[in-house]
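Worksheet: the structure to be examined is printed underneath.
A, B, ... follow the sequence lines: proteins, then strands. Residue 1 opens every chain.
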Amino acid sequence: MAERSGRLTDGGIDLEDDVQQLASFASPLTEQERVRREKLTTLRELGIEPYAGKFERTHRAEDIHAQYDHVEAMDLEAQNIHVRIAGRLMSKRRQGKAGFMHLQDMSGRIQVYVRQDTVGEKAYEVYKLADLGDMIGVAGTIFKTKTGETTILAHAFVLLTKSLKPLPEKFHGLKDVELRYRKRYLDLIMNPEVLETFLTRSEILRAIRAYLDGAGYIEVETPTLQSIPGGAAARPFITYHHALDMEMYLRIAIELYLKRLIVGGIEKVYEIGRVYRNEGVSTKHNPEFTMLELYAAYTDFHDMMDLTEQMIVHLARKIKGTLTITYQGDVIDLTPPWRRVHMVDLIKEITGVDFWPEMSLDEARALARAHGVEITETMSIGHIINEFFEQKVEATLLHPTFVYGHPVEISPLAKKNVDDPRFTDRFELFIVGREHANAFSELSDPIDQRERFYAQLKERALGNEEAHRMDEDFLEALEIGMPPTGGLGIGIDRLVMLLVDAPSIRDVLLFPHMRQHPQS
RNA sequence: GAGCCAUUAGCUCAGUGGUAGAGCACCUGACUUUUAAUCAGGGUGUCGCAGGUUCGAGUCCUGCAUGGCUCACCA
């Protein structure tokens, strides 16, 4: 039905005042923004559309450098090479009736020489009106300047997109860390090493997929919206499904669905995807991050160690070209074989405390007190051993180290060790003092799994919000029967940080989580 | 969640209680091989926000916001 009043409404609610109020919040234009908008009008008066359609390119900047940088100036002119190139205007040096500029595309920068007597008076007017940041298309021939720079002499100069805001300063670039993360497009335009980082991230992901595909693994996609979040110890994000009238959770791990697929007969399976954990933000944590999880039937955690080692070595060779890498000043040797050590042995090595002999909870607590390891009232011996490891050992593991044999209490989804059921057939890989992988021989006994879930429910009742929940559907899958299975999880963001030497996880995420800015 | 530090022009940054500054960018003019182009002229600002102290606050104090680092939680 037509709105007779002409006022803006939504479902009968008058929005006019809201819109006016929002408009009044818009910040006034700066001088530079006003000038650029005036140029927009001037261009249209000249019959130039400042937001053009497509522009066909023959080359990227890097292509031209690669093909012609080594060609002599005389030969270049003799060959009369015509090219078409497009990019963002990054510098402009005008001298009366001619001028130079640099255009930047994804591959790099190329210089363009614009002469009024070559492009014509009207196109030269457009060149004069061009601002840093505008998108420009150029057709022309290649030559070398007096100083030997490969340059395009423009025969045609086309404005493709008028930029209405000034770019950051050309020499210092964009430094403000907050702006770099919030306005990543500016960061990408101004800081070439940022593009490099994300191209490498993309290359790492391609290499992982190629590696696993080559090893016979099937890539799948499982739900990120779940009614029971499981597979890890973490607080989930809660959301709501209106049509079904139910609370749902964003997944905290991929694990339980992939194991259902192992039950279903997909014997080697992996997923690379986003998981979400409702926790603090730091240089090593983002609320959403990318996990690789894979499962292989008829294997165990030893096979997963081999796979982890081989895959990361393969990636380092492919990405870095060496197994000696530098992370934030530390030189890391990735040459295999990597050390494999039991958690209890490692604690003994570093602190002198031996958890192998059976002991009472009081004895374990006394050891923690004596060594300054902080524990809580509800912790069992297994938890205390884990605290020893995390507080005393973890940070010392600079070079790649597989630490195995985690206490059963902190490993509700891993098989118990047959010789010592206090511990599990589980390992974590540590490099530069950080966990880079977590894997185990998957618990396949449905009765044991149910008991582990019960133990987790008890922890939950004692206030551990991150304890695992009961998942009856998953238990039913185990009751159908899951083959012996090795499983592995790798945090992709941290792996990328390691391989590109990034100090913060925000440097390997295009749009890291930021608090909502008060202005927006 | 706690501690420390930061927030000044579009960007990068000076400004240690007394008139708001520089470089780049921008505006006007000159310049047909420049390249952090050059030359002559022009300052474009809610000093993050709100209070307080003071004759006087960008500067000192308090609170708040955002960010960075460290710690906590985790991967």
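- One atom, CG of A:Leu179, and another, P of B:U7, lie 14 Å apart when rounded to the nearest Å.
- For A:Tyr185, the side-chain contact (heavy atoms from CB on, under 4.5 Å) partners two or more places apart in sequence, or in a different chain, are A:Lys183.
- Partners of A:Asn386 under the side chain to side chain donor-acceptor pair (under 3.5 Å) rule, at least two apart in sequence or in another chain, are A:Glu390.
- Separation of the P atoms belonging to B:U7 and B:A14 is 8 Å when rounded to the nearest angstrom.
- Rounded to an integer number of Å, the gap from A:Met190 CE to B:C24 P is 15 Å.
- Considering only residues two or more places apart in sequence or on other chains, A:Glu45 meets the side chain to side chain donor-acceptor pair (under 3.5 Å) condition with none of them.
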| message | Let me check I have this right: for RNA chain B, each base becomes ., (, ), [, ] or |, based on Watson-Crick or G-U pairs with both distances under 3.5 Å. What is the full string? | response | (((((((..((((....[..))))((((((.......))))).)...(((((..]....))))))))))))....

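- Listed pair A:Arg494 / B:A75 fails the phosphate criterion, with no side-chain N or O lying under 4.0 Å from OP1 or OP2.
- In this structure, CD in A:Glu293 is found 8.0 Å from CD in A:Glu271, a value given to the nearest 0.5 Å.
- Scored by the side chain to side chain donor-acceptor pair (under 3.5 Å) test, A:Gln226 finds no partners at all (sequence neighbours excluded).
- The side chain of A:Arg277 approaches B:A75 more closely than any other nucleotide in the set B:G67, B:U34, B:A75.
- Residue A:Asn286 is in base contact, counting any heavy-atom pair closer than 4.0 Å across all strands shown.
- Remark: the separation of the P atoms in B:G48 and B:G10 is 13 Å, to the nearest Å.
- We find that NZ of A:Lys175 is positioned 16 Å from C1' of B:G10, with the value rounded to whole Å.
- Rounded to the nearest Å, the gap between the C1' atom of B:G43 and that of B:C27 is 11 Å.
- Taking atom OH of residue A:Tyr276 and atom P of nucleotide B:A75, one finds them 18 Å apart after rounding to whole Å.
- Below 30°, between 30° and 60°, or above 60°: for A:Phe237 and A:Tyr276 the angle between ring planes is above 60°, a perpendicular geometry.
- Sorted by first then second residue, the side-chain hydrogen bond (donor to acceptor under 3.5 Å, both in side chains) pairs that include residues 73-83 of chain A, not counting sequence neighbours, number zero.
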When you compare the protein's N or O atoms with those of nucleotides 26-33 of chain B, which come within less than 3.5 Å of each other, and at what distance?
from	atom 1	to	atom 2	distance (Å)
B:C26	O4'	A:Gln32	OE1	3.3
B:C27	OP1	A:Lys39	NZ	2.8
B:C31	N3	A:Gly96	N	3.3
B:C31	N4	A:Gly96	N	3.3
B:U32	OP2	A:Gln95	O	3.3
B:U32	OP2	A:Lys97	N	3.3
B:U32	O2	A:Arg115	NE	3.0
B:U32	O2	A:Arg115	NH1	3.0
B:U32	O2	A:Arg115	NH2	2.9
B:U32	N3	A:Asp117	OD2	3.2
B:U32	O4	A:Asp117	OD2	3.3
B:U33	O2'	A:Lys146	NZ	3.2
B:U33	O2	A:Lys146	N	2.9

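- Rounded to whole Å, the separation between the P atoms of B:C64 and B:G1 comes to 12 Å.
- If you check every strand for non-hydrogen atoms under 4.0 Å, A:Gly489 touches nothing.
- Here the separation of B:C24 from B:U38, taken at their C1' atoms, is 15 Å to the nearest Å.
- Remark on RNA chain B: of its neighbouring residues A:Met291 and A:Ser91, the 5'-side contact belongs to A:Ser91, judged by nearest-heavy-atom nucleotide.
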Dump every N/O contact between nucleotides 69-72 of chain B and the protein below 3.5 Å, one line per pair.
from	atom 1	to	atom 2	distance (Å)
B:C69	OP2	A:Arg506	NH1	3.1

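- Taken from CZ in A:Arg37 to CG in A:Leu164, the straight-line distance is 5.0 Å, to the nearest 0.5 Å.
- Residue pairs meeting the salt bridge (charged side-chain N to carboxylate O under 4.0 Å, His left out) criterion with at least one partner in residues 87-103 of chain A, sequence neighbours excluded, are absent.
- Nucleotides B:C49 and B:C13 are separated by 23 Å at their C1' atoms, to the nearest Å.
- Each of A:Gln104, A:Glu62, A:His65, A:His102 was evaluated against A:Arg109; a single residue qualifies, A:Gln104, per the side-chain hydrogen bond (donor to acceptor under 3.5 Å, both in side chains) test.
- A donor-acceptor pair is defined here as one N or O able to donate and one able to accept, closer than 3.5 Å; such a pair exists between the side chain of A:Arg452 and the backbone of A:Ser411.
- No contact: A:His436 has no heavy atom under 4.0 Å from any strand.
- In this model, the phosphate group of B:G67 is approached by a side-chain N or O of A:Arg182 to a distance below 4.0 Å at OP1 or OP2.
- The shortest distance between the side-chain N/O atoms of A:Arg93 and the OP1/OP2 oxygens of B:U34 is not below 4.0 Å.
- Taking the side chain of A:Asp176 as heavy atoms from C-beta on, and the options B:U12, B:A37, B:G68, the nearest nucleotide is B:U12.
- In this structure, A:Ile490 reaches neither bases nor backbone, as no heavy-atom distance under 4.0 Å exists between it and the strands shown.
- Taking A:Tyr404 as the reference, A:His342 meet the ring-ring contact (aromatic ring centres under 6.0 Å, His included) condition, with sequence neighbours excluded.
- Rounded to whole Å, the distance from CZ on A:Phe427 to P on B:A75 is 15 Å.
- Taken residue by residue, residues 151-171 of chain A places heavy atoms nearer than 4.0 Å to RNA chain B at A:Pro166, A:Pro168, A:Glu169, A:Lys170, A:Phe171.
- Atom P of nucleotide B:A9 and atom CD of A:Glu33 are separated by 14 Å, given to the nearest angstrom.
- Panel note: side chain A:Arg426, backbone A:Ile410; a donor-acceptor pair is recorded below 3.5 Å.
- A:His383 is linked by a ring-ring contact (aromatic ring centres under 6.0 Å, His included) to nothing, counting only residues two or more places apart in sequence or in another chain.
- A gap of 14 Å separates the P atoms of B:G15 and B:U59, to the nearest Å.
- At whole-Å resolution of the value, CG in A:Leu413 and C1' in B:A75 are 15 Å apart.
- For A:Leu398 against A:Asp330, the heavy-atom pair with the smallest separation is CD1-OD2, 3.6 Å.
- The CG atom of A:Leu89 sits 18 Å away from the P atom of B:C24 (whole-angstrom rounding).
- In this structure, A:Asn286 and A:Arg506 have side chains that are not in contact, with every pair of non-hydrogen atoms separated by 4.5 Å or more.
- Here the separation of B:C60 from B:C47, taken at their C1' atoms, is 16 Å to the nearest Å.
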